[in-house]
Amino acid sequence: MDPIVPKNFIQQQIVEDLAAGKNDKRVHTRFPPEPNGYLHIGHAKSICLNFGTAKLFGGKTNLRFDDTNPAKEETEYVDSIMEDVKWLGFDWEERLYYASDYFDQLYDFAVELIKRGKAYIDFQNQELISEQRGTPTRPGTDSPTRNSSPEENLRIFADMKEGKYNEGACVLRAKIDMASPNMHMRDPLMYRILKQPHHRTGDKWCIYPMYDYAHGQSDYWEGITHSICTLEFEVHRPLYDWFVDELQDSDYRPRQIEFSRLNITSTVMSKRKLLQLVKEGYVKDWDDPRMPTICGLRRRGYTPESVRNFAELVGITKVDGVTDVALLEFCIREDLNKRAQRVMCVTDPLKIILTNFPDDKVEEVDAINNPEDESMGKRKVPFSKVIYIEREDFMEEPTNKFYRLAPGKEVRLRYAYFIRCNDVIKDAAGNITELHCTYDPETKGGNAPDGRKVKATLHWVASSGALACEVRQYDRLFTDPDPDGNKEKDFLEFLNPDSLKVIGDCLIEPFVANAIPLTNYQFERLGYFNVDPDSTTEKLVFNRTVSLKDNNKK
RNA sequence: UGCCCGAUAGUAUAAUGGUAGUACAUCAGACUCUGACUCUGAGUGUCUAGGUUCGAAUCCUGGUCGGGUAACCA
């Protein structure tokens with residue numbers, strides 16, 4: 001019974017449409033990807049908007065593949081898109097459609113438009129048609145065949161369909177207005193000849209409908225009420241409406257509403273550029289964890305919840321802006337902080353020998369699995385004479401603000417003991433090879449009975465039970481916050497050479513021995529990591545999803 | 001240079017003629033067995049010039065700046 005609270009201008013318009021009693025007060029949206037690439041975070045915004053809006057109003061959302069160009073589209077992409085939409089947590093139920101489902105209807109309706117004298121065949125080549133379209137300041141000129149008879153057009157259109165013409169020989173155009181200030185209304189193409197097999201219809205067709213002709217009609221036949229798309233289609237709207245006007249046979253009418261696409265700092269979002277990154281090997285594949293693709297984010301360790309929350313937080317407007325990637329990172333930190341199993345991993349091990357600890361003794365200490373969620377319980381972590389800490393947690397000559405381990409200083413090993421550094425051992429070159437420390441047996445569990453405090457708590461891994469692992473540290477794919485924004489420089493010039501750092505010899509506690517791919521962890525004090533699909537029982541591989549927030553001011 | 005769209009803190013958004021809020025980011029402090037989390041606090045904003053109005057971020061006009069648009073792509 002709660003009143004519906006619109007979250008953005010599109011939902012406000014839907015409220016108004018509903019109040020006006022339009023379309024029997026139905027709300028039906030669709031997500032219409034072209035299967036010519038993998039989905040990215042920008043699509044996630046659209047998916048969340050379309051499915052989320054329908055849900056808000058008790059309506060439905062279709063998944064429809066916009067597959068009108070067989071030259072670019074492949075089944076591989078269809079499969080990945082369905083997987084990604086599902087992973088995000090949305091369900092199109094039985095409403096899976098393809099624009100190619102409507103090829104027959106589209107053909108029949110084109111015939112109808114020809115009969116009405118509103119479409120004609122043009123035999124001119126591409127350059128000529130383009131030239132005749134005029135310029136924004138000069139009206140176009142009519143094609144010589146603009147006024148040919150419906151009978152003539154019908155005959156030729158049938159021949160086109162039969163394959164009697166070569167690719168490019170002729171096209172079908174809508175007869176609208178060659179003088180329109182909107183270039184899209186200057187007799188746009190409806191059909192072109194493409195002698196290419198289609199991923200679903202095979203060799204059945206050699207003529208294929210153009211987007212503008214297919215999209216609105218598909219919406220109409222599916223009963224879509226609100227056709228939500230991005231800003232670049234705004235100038236197409238009069239054309240969308242023109243075709244709907246010709247089709248409409250009742251009060252029902254779909255409505256196109258545009259919003260601004262998502263841009264994020266330090267990455268690129270165009271499918272063309274993402275394809276280029278993959279094809280030219282700048283990243284390993286579409287699911288490379290540095291990619292803004294949905295599969296890339298998934299492999300990186302992002303959760304569906306975090307992506308959905310991000311889509312919610314960025315908002316929906318017509319302002320063409322750039323969202324700070326920090327917001328995305330905030331969303332995954334917030335989600336994983338509540339849910340991720342804590343574990344200790346040392347990525348740059350510095351050996352410590354506890355000189356007063358019995359040689360062969362292995363103790364176990366209790367560690368909390370997630371301080372944010374008591375129900376996740378505790379685990380045992382082995383502790384022994386030789387342990388490793390992060391090399392950067394020790395400083396031989398500490399600065400003022402450095403309050404971790406240093407000669408003579410005492411720190412806590414998390415969940416274990418206080419230790420004090422007594423000796424620094426170096427090799428001939430002067431590199432620190434190990435530290436000799438003593439532990440205080442009285443501080444087992446991490447607290448001193450005498451109440452004394454230490455300023456720092458370090459993560460650690462004991463040599464006993466330690467597992468070797470590989471850690472892949474990711475950074476921004478581009479060094480410039482706006483790699484697309486420079487007209488003189490190609491976006492590839494801003495590729496970050498350090499976007500991937502593979503650290504091969506890390507040590508991790510035995511708890512993760514049988515970790516399953518994609519499981520999220522927090523490595524205490526380091527960040528959130530997940531198990532990469534490359535991981536094996538012999539060689540564990542982790543991806544750094546995102547570091548912990550770092551307020552460390554040196 | 002035609003047509004279309006847009007302009008609110010650093011960024012993204014809210015306020016739909018009546019107190020300019022929120023989130024992220026930044027900075028400061030508290031707390032802390034993660035320099036995390038959490039909590040508290042701070043600073044920074046209505047593109048511009050007119051007009052309408054008792055009152056304008058909001059309505060109108062001009063300007064400025066930004067984006068889209070002239071594919072047999074979607």
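Proteins come first, then strands; the chains are lettered A, B, ... in the order of their sequence lines, and each starts at number 1.
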* Is it possible for you to check whether A:Lys161 lies under 6.0 Å from the centre of the six-membered ring of A:Tyr107, through NZ or CZ, and within 45° of that ring's axis? => yes
* Whole-angstrom distance between B:G62 and B:G45, as gauged at atom P -> 30 Å
* Honestly, is A:Lys444 close enough over A:Tyr417, meaning NZ or CZ under 6.0 Å from the six-membered ring centre and within 45° of the axis? -> no
* To do: Classify the nucleic acid contact of A:Arg133 as base, sugar-phosphate or nothing, counting any heavy atom under 4.0 Å across all strands shown.
  => sugar-phosphate
* With a 4.0 Å cut-off on heavy atoms, is A:Glu234 in touch with a base, just the backbone sugar-phosphate, or nothing at all? -> sugar-phosphate
* Asked: Is there a side-chain polar atom (N or O) of A:Arg333 under 4.0 Å from OP1 or OP2 of B:A36?
  -> no
* **Presence of donor-acceptor pair under 3.5 Å, side chain of A:Arg404 and base of B:G35** => yes
* **Atom-pair distance (CD1 on A:Ile332; C1' on B:A36), nearest Å** => 15 Å
* With salt bridge (Lys or Arg N to Asp or Glu O under 4.0 Å) as the test, would you mind laying out the steps for A:Asp219 and A:Arg64 before giving the verdict? => CA-CA 9 Å; A:Asp219 284 344; A:Arg64 182 173 71 231; 2.7 Å; yes
* B:G68 OP1/OP2 closer than 4.0 Å to side-chain N/O of A:Arg237 -> no
* Asked: Passes ring-ring contact (aromatic ring centres under 6.0 Å, His included), A:Tyr165 versus A:Phe123? Steps please.
  -> CA-CA 10 Å; A:Tyr165 295 99; A:Phe123 281 95; 5.6 Å; yes
* A:Tyr97-A:Phe65 aromatic ring centre distance below 6.0 Å -> no
* Across the strands shown, which category fits A:Glu524 at heavy-atom distances under 4.0 angstrom: base, sugar-phosphate, nothing? -> base
* For B:C73, take OP1 and OP2 only and decide whether either is under 4.0 Å from a side-chain N or O of A:Asn36. => no
* Structure fact -> Read 5' to 3' with Watson-Crick or G-U pairs under 3.5 Å, [ ] for crossing pairs and | for partners on another strand, RNA chain B gives .((((((..((((....[..)))).(((((.......)))))....(((((..]....))))))))))).....
* Asked: Do any side-chain nitrogens or oxygens of A:Gln12 fall under 4.0 Å of OP1 or OP2 in B:A15?
  -> yes
* Asked: Are A:Phe157 and A:Tyr191 close enough that their ring centers fall under 6.0 Å?
  -> yes
* Asked: If you look at every strand shown and take non-hydrogen atoms under 4.0 Å, does A:Val314 touch a base, only sugar-phosphate, or nothing?
  -> sugar-phosphate
* Structure fact -> Regarding the side chain of A:Tyr211, the nearest nucleotide among B:A74, B:A71, B:G2 is B:A74
* **Inter-nucleotide C1' distance (B:U8, B:G21), Å rounded** => 11 Å
* Give the rounded distance in Å between these two atoms: CD1 of A:Ile264 and C1' of B:A12. => 11 Å
* **Short side-chain N/O contact to B:G67 OP1/OP2 from A:Ser260, under 4.0 Å** => no
* **Side-chain N,O (A:Arg261) to OP1/OP2 (B:G68) below 4.0 Å** => no
* Quick one: on RNA chain B, does A:Tyr528 or A:Asn8 contact a more 5' nucleotide (nearest heavy atom)? -> A:Asn8
* Nearest-Å distance once atom C1' is located in both B:U58 and B:U1 -> 31 Å
* Would you say a side-chain N or O of A:Thr317 is under 4.0 Å from OP1 or OP2 of B:G6? -> no
* Asked: Once you round it to whole Å, what is the distance between C1' of B:C3 and NE2 of A:His236?
  -> 13 Å
* Integer angstrom distance from the P of B:U11 to that of B:U16 -> 24 Å
* Asked: Using the C1' atom in both, what is the distance from B:A14 to B:A49, to the nearest Å?
  -> 27 Å
* **Nearest-Å distance once atom P is located in both B:G6 and B:C59** => 10 Å
* **cation_pi(A:Arg200, A:Tyr98) dist<6.0 Å, angle<=45** => yes
* To do: To the nearest Å, give me how far apart CZ (A:Phe9) and P (B:U16) are.
  => 17 Å
* Structure fact -> Assign each of A:Thr135 and A:Gly321 the nucleotide of RNA chain B bearing its closest heavy atom; nearer the 5' end lies the nucleotide of A:Gly321
* A:Arg412 to A:Phe418, cation-pi by 6.0 Å centre distance and 45° axis angle -> no
* Structure fact -> All heavy atoms of A:Val346 vs all of A:Glu390, minimum pair found to be CA-OE1, 3.5 Å
* To do: Calculate the interatomic distance between A:Lys273 atom NZ and B:A74 atom P; express it in whole Å.
  => 20 Å
* Integer-rounded Å distance: B:G35 P and A:Lys401 NZ -> 15 Å
* Asked: According to a strict under-4.0 Å criterion, is A:Arg414 in side-chain N/O contact with OP1 or OP2 of B:G35?
  -> no
* Determine the contact category for A:Ser130: base if any of its heavy atoms lies under 4.0 Å from a base atom, sugar-phosphate if only primed atoms, P, OP1 or OP2 are that close, otherwise nothing. => sugar-phosphate
* Asked: CG of A:Leu239 versus P of B:A70: gap in Å, rounded?
  -> 12 Å
* **Rounded distance (Å) that lies between atom P of B:G35 and atom CD1 of A:Ile389** => 13 Å
